[in-house]
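Remarks on the structure that follows.
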Amino acid sequence: MDRWVAFLRAINTGNRRVTGDRLMGIFESLGHTEVSSFQASGNVLFTAGEPDASEIEHALEAGLGYSVPTMLRTEGEIRRISNESPFTEAELRSTDGRVQVMLLRDPMSPELLAEGLPD
C-alpha cells in the first residue's frame, strides 16, 4: 500500500465549494484508508494499493453532481518533484519565491517535450 495524493481540478473555486469531510467520505467509500484533505485546496491524501483515477472521478461526479478531473501521484513522486531544482539561482530569484509546478495527467509526447515551452 502506498500513500497517494489526488489533485482535484476546480474544487473549491466558484460554486464548487466542498468540505474536506465530504471529499474524504467519497474516498473512504472507495475503500481508501488514512484519508485526509489538504486545507481547502481540494487535494486529498490517502493510502491505497493502485487507485484508479477514473473510478475516483466517477465517484466524485456521483457524489458532487459534476465532473472532477483527477490526477494521482504517489507520495514519492511528490517528494521527488519538491526536491528537484532545474532552475538557475537567477531564475529562482526572478520568481520572488513563487515557483509554479504544473502536473499533467499523462506524460508529454517526446515531440512536444523536445519543442519545450514558449518564451
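Because only heavy atoms are used, hydrogens play no part in the values below, and waters and symmetry mates are left out as well, while side chains stay in.
A continuous path of Ile, Leu, Val, Met, Phe, Trp and Tyr side chains, each step under 4.5 Å between heavy atoms, connects Ile56 with Tyr66, placing both in one hydrophobic cluster. Criterion: ILVMFWY side-chain heavy atoms under 4.5 Å apart, direct or through other members. Under it, Phe7 and Ile11 are not part of a common hydrophobic cluster. Transitive grouping of hydrophobic side chains (ILVMFWY, heavy atoms separated by less than 4.5 Å) brings Val18 and Val44 into a common cluster.
Shortest non-hydrogen contact noted between Gly49 and Asp2 is O-OD2, 4.3 Å. For Ser37 against Gly20, the heavy-atom pair with the smallest separation is OG-CA, 3.5 Å. Scanning both residues, Asp52 and Leu72, for their nearest heavy atoms gives C-CD1, 4.3 Å. Taking both residues in full, the closest heavy atoms of Leu103 and Met71 are given as O-SD, 3.2 Å, listed atom of the first, atom of the second, then distance. A pairwise comparison of heavy atoms in Leu104 and Met108 identifies CD1-CG, 3.2 Å as the closest pair. The two residues Glu57 and Val68 come nearest to each other via the heavy atoms CG-O, 3.3 Å.
Within 6.0 Å of the CZ atom in Phe38, the count of heavy atoms belonging to other residues, nucleotides or ligands does not exceed 12. Shown here is Arg17, whose CZ atom has more than 12 heavy atoms of other residues, nucleotides or ligands within 6.0 Å.
Once rounded to the nearest 0.5 Å, the distance linking CG of Leu23 with CD of Glu28 reads 11.0 Å. Here the CE-OG1 distance, from Met24 to Thr19, works out to 7.5 Å after rounding to the nearest 0.5 Å. Here CD1 of Ile81 is found 4.5 Å from CD1 of Ile78. Values are rounded to the nearest 0.5 Å.
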List the steps and the verdict of salt bridge (Lys or Arg N to Asp or Glu O under 4.0 Å) for Glu84 and Arg80.
CA-CA 6 Å; Glu84 291 288 322; Arg80 279 192 297 282; over 6 Å; no
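Ring-plane geometry between Phe46 and Trp4 is classed as parallel, the angle between the planes falling under 30 degrees on a 0 to 90 degree scale with a further cut at 60.
Side chains of Leu45 and Phe27 form no contact here, defined as non-hydrogen atoms less than 4.5 Å apart.
Between the side chain of Arg3 and the backbone N or O of Glu34 there is at least one donor-acceptor pair closer than 3.5 Å. Between the side chain of Arg16 and the backbone N or O of Leu64, no donor-acceptor pair lies under 3.5 Å.
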